[in-house]
**Student:** 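Submitted below is the structure of interest, expressed as structure tokens.
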Amino acid sequence: MSTMWQGCLADTDYFETRSSGGHDYGVWVTTPPNYDPAAAQAPVVYVLDGNWAVGLTAPLIVTQLDPLQSIQPYIQVSVGYAGEEAEHWERLRNRDLVPPGEPIAKEFIDAVESRVDAGTMTREQADAYLAELNDSRADMFLNFLTDDLHRRIERDYGTAPSGHGLFGYSYGGLFSLYAWLTNGTFFESIGAGSPGIINGESQVFARLREMGDTLPATKLHLTLNDKEVLGDLAVYQNLSKNAASFLHHLTARNGSVTSALMRETHVTGLQASFLSYLRTCRGQ
């Protein structure tokens, strides 16, 4: 498997690992061109939804050689699902990326039901997809990234001791906000693309209230897509409204927070959002 992925993506290794919580993951590690940890160690940028995102984001590692706008060196670690579970990544991400106790919005359920009606999802698939949200464990997945997985990456790839980043999109963006509000100083910067704050009673609002006037020192870059804001799908209208509300709650507080609006849809916005994060938080 490692050889296959090296052939598909330059400078990329692939391995599979099990978390201390008993879940299996597929991991793609993309190193900078001509990376030599003995000469200069690079920090890690963790990218979520690896089964979908690795092909869109890993090739952007070449931005580190762009003569017009170079990006600080980083090692990209894309995390997804392995084996037969890779087929079910869209369902399993609900378990791993959604904060525990996150309320499920009616508009989200309606969007899932519309896929059943359209024939793009079976009744069985829809029930399994929603069931994962009833026991979501973003806390366990965050511990897996920062403890279990990072130790291995640090050991095998000679990473820098600090300067690490995290990027997530959609529910991955919701996870990014959860990590920003939860994880102290492990990450130096976090990108949250179109964060899936579908419910106005989201856990991220509760955690933000608990923090009072002090925001995390970690840089946060949040992006939205204009088609989400201006489109007529209720689930994306809720997402953009709540994400904007989250940003507005930050404007009166001190913190390193930036934002941008992409000219994309929710489906096409991942790569543009990741590139915006690189330029804003990791430019040099």
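Just so you know, residue 1 is the first one in the sequence shown, and it goes up from there. What you see is a predicted model, and the numbers here were worked out from it, not measured in a lab.
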**Student:** Strictly distance-based, threshold 3.5 Å: is any side-chain N or O of Thr268 a donor or acceptor partner for the main-chain N or O of Glu264?
**Tutor:** no

**Student:** Could you tell me whether the side chain of Ser273 and the main chain of Gly269 form a donor-acceptor pair under 3.5 Å?
**Tutor:** no

**Student:** If you round to the nearest 0.5 Å, how far is CD1 of Ile153 from OG1 of Thr159?
**Tutor:** 8.5 Å

**Student:** So that I know where these two stand, are His23 and Phe144 an aromatic pair - ring centroids less than 6.0 Å apart?
**Tutor:** no

**Student:** If hydrophobic clusters are built from ILVMFWY residues whose side chains come within less than 4.5 Å, do Met140 and Val79 share one?
**Tutor:** no

**Student:** Can you confirm whether more than 12 heavy atoms, excluding those of Glu87, are under 6.0 Å from its CD atom?
**Tutor:** no

**Student:** Taking all non-hydrogen atoms of both residues into account, name the closest pair between Glu16 and Gly26 and its distance.
**Tutor:** CG-CA, 4.4 Å

**Student:** With a 6.0 Å cut-off on the ring centroids, do Tyr46 and His164 count as close?
**Tutor:** no

**Student:** Please check if atom CD in Glu84 has more than 12 non-hydrogen atoms from other residues, nucleotides or ligands closer than 6.0 Å.
**Tutor:** no

**Student:** When you compare the side chains of Asp66 and Gln69, does any donor N or O come within less than 3.5 Å of an acceptor on the partner?
**Tutor:** no

**Student:** Please round to the nearest 0.5 Å and tell me the distance separating atom CG of Leu142 and atom CZ of Phe175.
**Tutor:** 4.5 Å

**Student:** Between Leu48 and Gly172, which heavy-atom pair has the shortest distance, and what is it?
**Tutor:** CD1-O, 3.6 Å

**Student:** Would Leu60 and Val62 show up in the same hydrophobic cluster when neighbours are defined by side-chain heavy atoms closer than 4.5 Å?
**Tutor:** yes

**Student:** Judged by atom type as modelled, is there a donor-acceptor pair below 3.5 Å linking the side chain of Asn51 to the main-chain atoms of Tyr81?
**Tutor:** yes

**Student:** Of Glu201, Gln203, Arg209, Arg207, which is the lone residue that meets side-chain contact (heavy atoms from CB on, under 4.5 Å) with Phe205?
**Tutor:** Arg209

**Student:** Is the shortest heavy-atom distance from the side chain of Phe141 to the side chain of Ser136 under 4.5 Å?
**Tutor:** no

**Student:** Any chance you could measure Leu166, atom CG, to Ile190, atom CD1, to the nearest 0.5 Å?
**Tutor:** 5.0 Å

**Student:** Indicate yes or no: at least one non-hydrogen side-chain atom of Pro216 is less than 4.5 angstrom from one of Met211.
**Tutor:** yes

**Student:** Quick check: does any side chain N or O of Glu132 sit under 3.5 Å from a backbone N or O of Arg91, one acting as donor and the other as acceptor?
**Tutor:** no

**Student:** CZ of Arg123: more than 12 outside heavy atoms within 6.0 angstrom?
**Tutor:** yes

**Student:** Report yes if some heavy atom in the side chain of Leu181 is under 4.5 Å from a heavy atom in the side chain of Leu208; otherwise report no.
**Tutor:** yes

**Student:** Does any donor atom in the side chain of Thr30 or Thr12 lie under 3.5 Å from an acceptor atom in the other side chain?
**Tutor:** yes

**Student:** Using a 4.5 Å cut-off on heavy atoms from C-beta on, say whether the side chain of Tyr157 contacts that of Val77.
**Tutor:** no

**Student:** What pair of heavy atoms forms the shortest contact from Arg282 to Ile71, and how long is it?
**Tutor:** O-CG2, 3.4 Å

**Student:** So, Thr218 side chain and Phe187 main chain: donor-acceptor pair closer than 3.5 Å or not?
**Tutor:** yes

**Student:** Would you say Gln41's side chain and Pro161's backbone share a donor-acceptor pair under 3.5 angstrom?
**Tutor:** no

**Student:** Can you confirm whether Leu220 sits close enough to Leu215 that some side-chain heavy atom of one is under 4.5 Å from a side-chain heavy atom of the other?
**Tutor:** no

**Student:** Decide whether Leu230 and Leu261 are clustered together by the hydrophobic rule: side chain heavy atoms of Ile, Leu, Val, Met, Phe, Trp, Tyr closer than 4.5 Å, transitively.
**Tutor:** yes

**Student:** What's the spacing between Leu133 CG and Phe108 CZ if we round to 0.5 Å?
**Tutor:** 5.5 Å

**Student:** Quick one: closest heavy-atom pair of Leu177 and Leu222, and the distance?
**Tutor:** CD2-CD1, 4.3 Å

**Student:** I need the full list of side-chain hydrogen bond (donor to acceptor under 3.5 Å, both in side chains) pairs touching residues 231-250, with sequence neighbours left out, sorted by first then second residue.
**Tutor:** Glu107-Asn238

**Student:** Hey, does Ser170 have a side-chain heavy atom less than 4.5 Å from the side chain of His266?
**Tutor:** yes

**Student:** Hey, is the main chain of Asn225 close enough, under 3.5 Å, to the side chain of Glu228 for a donor-acceptor pair?
**Tutor:** yes

**Student:** Identify whether Tyr74 and Leu65 are in the same connected component of the hydrophobic contact network (ILVMFWY, side-chain heavy atoms under 4.5 Å).
**Tutor:** no

**Student:** Before giving the answer on side-chain contact (heavy atoms from CB on, under 4.5 Å), spell out for Phe246 and Val204 the whole-Å C-alpha distance, their side-chain angles and the decisive distance to 0.1 Å.
**Tutor:** CA-CA 8 Å; Phe246 186 86; Val204 296; 4.0 Å; yes

**Student:** Quick check: does any side chain N or O of Ser176 sit under 3.5 Å from a backbone N or O of Gly191, one acting as donor and the other as acceptor?
**Tutor:** yes

**Student:** Please find the pair of heavy atoms, one from Leu174 and one from Gly196, that lie closest to each other, and give the distance.
**Tutor:** CD2-O, 3.6 Å

**Student:** Residues in ring pair (Phe, Tyr, Trp, His ring centres under 6.0 Å) with Phe274, at least two apart?
**Tutor:** Phe167

**Student:** What about Tyr169 and Tyr277, are their ring centers closer than 6.0 Å?
**Tutor:** no

**Student:** Go through the side-chain N and O atoms of His221 and Ser189 and say whether any donor and acceptor fall under 3.5 Å apart.
**Tutor:** no

**Student:** Give, for atom CG of Leu270 and atom OG1 of Thr265, the distance between the pair rounded to the nearest 0.5 Å.
**Tutor:** 10.5 Å

**Student:** Could you measure the distance from the CG atom of Leu239 to the OH atom of Tyr171? Nearest 0.5 Å is fine.
**Tutor:** 9.5 Å

**Student:** What are the two closest non-hydrogen atoms of Tyr14 and Ala82, and how far apart are they?
**Tutor:** OH-CB, 3.6 Å

**Student:** Is it the case that the side chain of Asn94 and the backbone of Tyr129 share a donor-acceptor pair, with hydrogens and angles ignored and the cut-off at 3.5 Å?
**Tutor:** yes

**Student:** So do Val235 and Ile198 actually touch side chain to side chain, heavy atoms under 4.5 Å?
**Tutor:** yes

**Student:** Before accepting this row, confirm whether a basic side-chain N of the pair Asp148/Arg152 lies closer than 4.0 Å to the acidic partner's carboxylate O.
**Tutor:** no

**Student:** Please identify each residue that fulfils side-chain contact (heavy atoms from CB on, under 4.5 Å) with Arg115, with sequence neighbours left out.
**Tutor:** Glu90, Thr120, Met121

**Student:** Can you check whether Met262 reaches Ser276 side chain to side chain, under 4.5 Å on heavy atoms?
**Tutor:** yes

**Student:** Decide yes or no on side-chain contact (heavy atoms from CB on, under 4.5 Å) for Asp139 and Thr182, but give the supporting numbers first.
**Tutor:** CA-CA 9 Å; Asp139 52 342; Thr182 301; over 6 Å; no

**Student:** Could you go through Val54 and Val47, starting from their C-alpha distance and side-chain angles, then the distance that decides it, and tell me whether this counts as side-chain contact (heavy atoms from CB on, under 4.5 Å)?
**Tutor:** CA-CA 8 Å; Val54 66; Val47 175; over 6 Å; no

**Student:** Which is it for Phe186 and Leu145 under the side-chain contact (heavy atoms from CB on, under 4.5 Å) test, yes or no, and what are the steps along the way?
**Tutor:** CA-CA 11 Å; Phe186 181 88; Leu145 290 182; over 6 Å; no

